[in-house]
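Structure, as structure tokens:
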Amino acid sequence: MKKTLGWAAAAFALALPVSTLQAQALELKVADSFPAGHYLVRLMLKPWMDDVTKRTNGGVTFTYYPNQQIGKAADMLRLTQSGVVDIGYIAPSYVSDKMPLSEVAQLPGAFATSCQGTLAYWKIAREGLLAKQEYAPNKIKLLMAVVLPPYQVWTVKSKVESIKDMQGLKLRTTGGAQDLTLRALNAVPVRMAAPDAYESLSRGTMDGLLFPLDSVVSYGLDKLVKHATEGVSFGSFIVAYSINQSVWDKLPEDVKKAMDEASEAITPKACADVDKEGEVTTKHLKDQGISFDPLPDATRAEMKDKLKGVSQEWAGGLDSRGKQASAALKEFEGLLAAGGAK
């Protein structure tokens, strides 16, 4: 009952005129599916919330609901749109039917670091085609995002040294572009949200994962996997927090300014911290006995050649459905080039 009254009070506050809001404190609800202590909460979300509170002199505070307390990762778009939460962790991969074009930042081989992918996605999703074609129609506004470093293949038993080793492997993916990536290498994609991966892997229903380095530790998967590839980008994943557009529209202008400034400050810092954290995590995993196996030069070249067509296959499939995927791909690749991505 108390929670219901709290949400009703928040909704009432946001219905008040801007002049009234400026005269009182504002508390916003934030929710995600990350476990307590997840590195992206530590590196991005919490610093952003603290910065907004500081910039507004305590006028804006946040109540944070982690670990799927309010809903699963796939439900966060709906919960944010409906106002159950004000700000939600909305990963485009988990709502690919609603945000298919965002997967442009998750295609294989596009970039080598988190910051290269992040800074390009930030511009296209805040000001470019994705802002108009995906965020606006879904009635949400992007507040912060990190595109993770290139995904690798993690396996429980056998290590991957050739394309032949990939054949038939059942590997967890986020769906969409990652499914296309694995099929190009004759592996079997198993679409699954990150919080569900541990149980499936421990039961032996999968051979391994497509997963980002630091999240292997965050979800306890380092207790199960034994091998990881090195040397090829198997795609990526977008971690994004967005605010309900109606909530945003009703915020006082000084609060909007504070949030925008906090967002612009945290974006380059968070991706740089993610890149740096990967070096520490790699050493930690090696110390635990997980082997990082650089792919032979011939295998890398063969895989990269097979993965070249994934971007065009992805774009062509969406173009045929009336989506502007080729235009999104062109804009994203241009932003990557301008930023020096390789």
Side-chain angles (χ1 to χ4, degrees), residues 73-74 91 93-94 96 103 105-112 147-238 278 281-282 285-286 288-314 317:
S93 280
Y94 295 152
S96 57
E103 287 201 311
Q106 300 181 174
L107 295 165
F111 49 85
V147 179
L148 299 182
Y151 272 40
Q152 296 300 316
V153 174
W154 303 78
T155 50
V156 175
K157 295 180 180 178
S158 58
K159 62 182 179 180
V160 172
E161 295 181 296
S162 68
I163 286 185
K164 185 178 179 181
D165 295 334
M166 291 284 293
Q167 187 168 355
L169 282 182
K170 295 179 181 177
L171 302 174
R172 175 264 178 183
T173 76
T174 59
Q178 288 189 8
D179 287 357
L180 296 177
T181 297
L182 286 188
R183 289 189 186 116
L185 300 173
N186 298 317
V188 180
V190 181
R191 183 178 297 196
M192 186 179 301
D196 301 324
Y198 186 95
E199 183 177 358
S200 293
L201 199 62
S202 63
R203 287 180 175 179
T205 56
M206 298 189 300
D207 299 304
L209 318 145
L210 268 192
F211 227 70
L213 178 67
D214 287 289
S215 292
V216 168
V217 177
S218 297
Y219 289 99
L221 297 163
D222 52 325
K223 300 176 179 64
L224 301 174
V225 297
K226 299 298 181 186
H227 304 279
T229 58
E230 282 188 327
V232 172
S233 164
F234 294 96
S236 185
F237 185 81
I238 300 160
T281 303
T282 297
L285 292 175
K286 286 181 177 178
Q288 284 188 230
I290 295 174
S291 68
F292 287 76
D293 308 310
L295 293 167
D297 290 344
T299 299
R300 285 206 306 270
E302 188 179 1
M303 283 188 174
K304 288 179 180 178
D305 186 61
K306 284 186 175 293
L307 293 177
K308 280 181 182 177
V310 171
S311 294
Q312 295 306 318
E313 182 183 358
W314 170 82

message = Quick check: closest heavy atoms across L185 and F234, and the distance to 0.1 Å?
response = CD1-CE2, 3.6 Å
inquiry  = Is any side-chain heavy atom of L201 closer than 4.5 Å to one of W154?
reply    = no
message = With a 6.0 Å cut-off (strictly less than), is the heavy-atom count around CD of Q288, excluding the residue itself, greater than 12?
response = yes
ask   = Do M166 and N186 touch side chain to side chain, with heavy atoms closer than 4.5 Å?
value = no
message = Quick check: closest heavy atoms across P294 and E230, and the distance to 0.1 Å?
response = CG-OE1, 3.4 Å
task = Return the minimal non-hydrogen interatomic distance between S93 and E103, and the atom names on each side.
result = OG-OE2, 3.5 Å
inquiry  = So, taking the atom named CD in E313 and the one named CG in L107, what distance separates them when rounded to the nearest 0.5 Å?
reply    = 10.5 Å
query = Got V225 and F211 here, is their nearest side-chain heavy-atom distance under 4.5 Å?
reply = no
request  = Tell me, with the steps shown, if L210 and V153 meet side chain to side chain contact (heavy atoms under 4.5 Å, CB included).
outcome  = CA-CA 5 Å; L210 268 192; V153 174; 3.7 Å; yes
note = Value for OG1 (T173) from CG (D179), rounded to nearest 0.5 Å, stands at 3.5 Å
message = With a 4.5 Å cut-off on side-chain heavy atoms, are L307 and V232 touching?
response = yes
ask   = So, does S162 use its side chain to make a donor-acceptor pair with the main chain of D165 at under 3.5 Å?
value = yes
Check against side chain to side chain contact (heavy atoms under 4.5 Å, CB included), Q106 and S96 = CA-CA 12 Å; Q106 300 181 174; S96 57; over 6 Å; no
key: Where P212 and L148 come nearest, the two heavy atoms and their spacing   = CG-CD1, 3.5 Å
inquiry  = For V147, is there any backbone N or O sitting under 3.5 Å from a side-chain donor or acceptor partner on S236?
reply    = no
task = Go through the structure and list residues passing side chain to side chain donor-acceptor pair (under 3.5 Å) with T181, not counting sequence neighbours.
result = none
query = Atom CG of D222 and atom CG of D214: how far apart are they, to the nearest 0.5 Å?
reply = 11.0 Å
Verdict with supporting geometry, M303 and V160, side chain to side chain contact (heavy atoms under 4.5 Å, CB included) = CA-CA 12 Å; M303 283 188 174; V160 172; 4.1 Å; yes
request  = Please tell me if the side chains of T155 and D207 come closer than 4.5 Å, counting only heavy atoms from C-beta onward.
outcome  = no
task = Flag the pair L213 / L285 as yes when at least one side-chain heavy-atom distance between them is below 4.5 Å, and no otherwise.
result = yes
key: salt bridge (Lys or Arg N to Asp or Glu O under 4.0 Å) involving K159 - partner list, sequence neighbours excluded   = E161
message = What I'd like to find out is whether the side chain of P189 reaches to under 4.5 Å of the side chain of R183, using heavy atoms alone.
response = yes
ask   = What's the shortest heavy-atom distance between A177 and V310, and which atoms?
value = O-CG1, 4.3 Å
ask   = In Å, rounded to the nearest 0.5 Å, how long is the span from CZ of R191 to OG1 of T174?
value = 8.0 Å
key: From K286 atom NZ to S291 atom OG, the distance as rounded to the nearest 0.5 Å   = 10.0 Å
key: Presence of salt bridge, E302 and K306, under 4.0 angstrom   = no
note = Here the gap from H227 atom NE2 to I290 atom CD1, rounded to the nearest 0.5 Å, amounts to 10.0 Å
task = Would you mind reporting whether R172 and S200 have side-chain heavy atoms less than 4.5 Å apart?
result = no
request  = With sequence neighbours left out, write down each residue that passes ring pair (Phe, Tyr, Trp, His ring centres under 6.0 Å) with F237, or none if nothing qualifies.
outcome  = Y94
inquiry  = Please find the pair of heavy atoms, one from A112 and one from P150, that lie closest to each other, and give the distance.
reply    = O-CD, 3.4 Å
